[in-house]
Amino acid sequence: MRTLRTALLTAAAAGLAVTALAQVPAAAAQVPAAAAPAPAPPKFLSAGQLPASLTPWTAGPVRQGVPAEGSVCTAGIAPAAGTRHRDFRTELDTGARQTITVAATTAKAKALAAELRSALETCLDRLKEQDPGLEGEAFYQGRVDIEEGAHVYSIDTSYPEVGSTDIGLYSVGRDGRAVTVVEWGQLGELDGAPLEGFKKTTRTAVAKLY
């Protein structure tokens with residue numbers, strides 16, 4: 001009887017061991033895998049990367065969402081979700097802004113960039129419709145070969161009745177799912193605008209995205 005009892009206990013112990021071993025993979029499968037680190041957000045321009053100015057540039061903080069005001073040519077196009085922006089200024093009548101949107105997919109980013117470009121191409125006509133006293137000229141200033149490409153525009157506006165003139169430089173660039181818009185403006189005309197410096201700034205802005 002003692003021998004039989006010992007054999008039963010040994011068999012039972014072996015059965016428990018087999019059951020325990022069988023449960024190991026299941027238990028291991030329940031352990032969640034370590035989450036992949038979130039990709040770093042795209043980087044913004046620094047003040048020193050803006051076109052040269054008579055007085056130094058000052059960079060504001062990076063803010064979430066679309067700008068509350070300004071950006072009259074592209075307002076209402078980029079979604080608030082996935083968008084951040086940063087304003088820059090000098091002690092003179094010169095200002096700049098960079099907006100970055102990270103789209104859900106590359107296809108959506110491509111579509112957003114195309115819509116932003118279209119908005120810049122039609123901006124002056126829309127401004128004239130809103131204000132018949134406004135005059136101006138708009139030009140496509142070419143492509144900057146960086147990542148998926150960037151495109152530069154200029155819009156020169158004036159109010160002859162009061163003698164004021166303003167020049168704005170704009171660019172739209174894309175790297176994968178990230179789309180950036182860079183805006184620069186000051187009192188004056190296109191002849192006095194740092195077009196080549198702005199193109200360099202645009203190249204830097206797109207290169208810094210990722």
Side-chain angles (χ1 to χ4, degrees), residues 36-120 123 141-155 166-186 193-210:
K43 296 179 181 179
F44 279 79
L45 291 164
S46 65
Q49 292 168 326
L50 274 291
S53 177
L54 294 177
T55 59
W57 286 96
T58 299
V62 174
R63 301 184 184 278
Q64 298 291 330
V66 296
E69 59 184 13
S71 301
V72 293
C73 289
T74 57
I77 296 178
T83 297
R84 298 179 298 152
H85 66 279
R86 186 179 207 179
D87 289 337
F88 304 84
R89 63 178 179 83
T90 70
E91 295 178 3
L92 301 177
D93 294 317
T94 307
R97 170 178 288 164
Q98 183 184 12
T99 304
I100 299 176
T101 302
V102 179
T105 65
T106 300
K108 289 184 177 181
K110 186 176 180 179
L112 174 60
E115 190 173 359
L116 289 166
R117 287 189 60 195
S118 178
L120 290 174
C123 184
Q141 299 291 350
R143 173 188 170 95
V144 176
D145 291 324
I146 179 70
E147 300 302 339
E148 274 71 52
H151 301 269
V152 179
Y153 303 83
S154 66
I155 301 177
D166 296 274
I167 177 63
L169 300 176
Y170 307 85
S171 64
V172 178
R174 182 174 69 88
D175 182 2
R177 295 191 297 118
V179 178
T180 186
V181 175
V182 182
E183 306 168 71
W184 175 98
Q186 72 174 21
L195 182 57
E196 292 306 314
F198 183 78
K199 288 182 177 181
K200 182 178 179 181
T201 293
T202 293
R203 177 182 294 277
T204 302
V206 177
K208 289 186 70 173
L209 290 176
Y210 291 117

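Note that the structure is predicted; figures quoted are calculated from it, not measured.
Of all non-hydrogen atoms in V179 and A109, the two that sit nearest each other are CG2-O, 3.4 Å.
When atom types are taken as modelled, the side chain of T83 and the backbone of G65 share no donor-acceptor pair closer than 3.5 angstrom. S118 places no side-chain N or O within 3.5 Å of a backbone atom of A114 that could act as its donor or acceptor partner. Counting only distance, with no hydrogens or angles, the side chain of T94 and the backbone of T90 share no donor-acceptor pair below 3.5 Å. Not one N or O on the side chain of K110 forms a donor-acceptor pair closer than 3.5 Å with the backbone of G176. A distance-only check finds a donor-acceptor pair linking the side chain of R84 to the backbone of P42 [under 3.5 Å]. Remark: side-chain polar atoms of R86 are paired, donor with acceptor, to backbone N or O of G60 under 3.5 angstrom. Using modelled atom types, no side-chain atom of T99 and backbone atom of H85 make a donor-acceptor pair closer than 3.5 Å. Panel note: side chain K43, backbone K208; no donor-acceptor pair is recorded below 3.5 Å.
Residue pairs satisfying the salt bridge (charged side-chain N to carboxylate O under 4.0 Å, His left out) criterion with at least one member in residues 96-109, sequence neighbours excluded, are listed as follows: D87-R97. The disulfide (SG to SG under 2.5 Å) pairs that include a residue from residues 42-111 are C73-C123, where partners are two or more places apart or lie in different chains.
Atom CZ of R63 has 12 or fewer heavy atoms from other residues, nucleotides or ligands within 6.0 Å. With a 6.0 Å radius and a threshold of 12 heavy atoms from other residues, nucleotides or ligands, K200 has its NZ atom at or below the threshold. Surrounding CZ of R89 are at most 12 heavy atoms belonging to other residues, nucleotides or ligands under 6.0 Å away.
In this structure, I146 CD1 and R203 CZ are separated by 5.5 Å, a value rounded to the nearest 0.5 Å. Note that OG1 of T74 is 8.5 Å distant from OH of Y170, once rounded to the nearest 0.5 Å.
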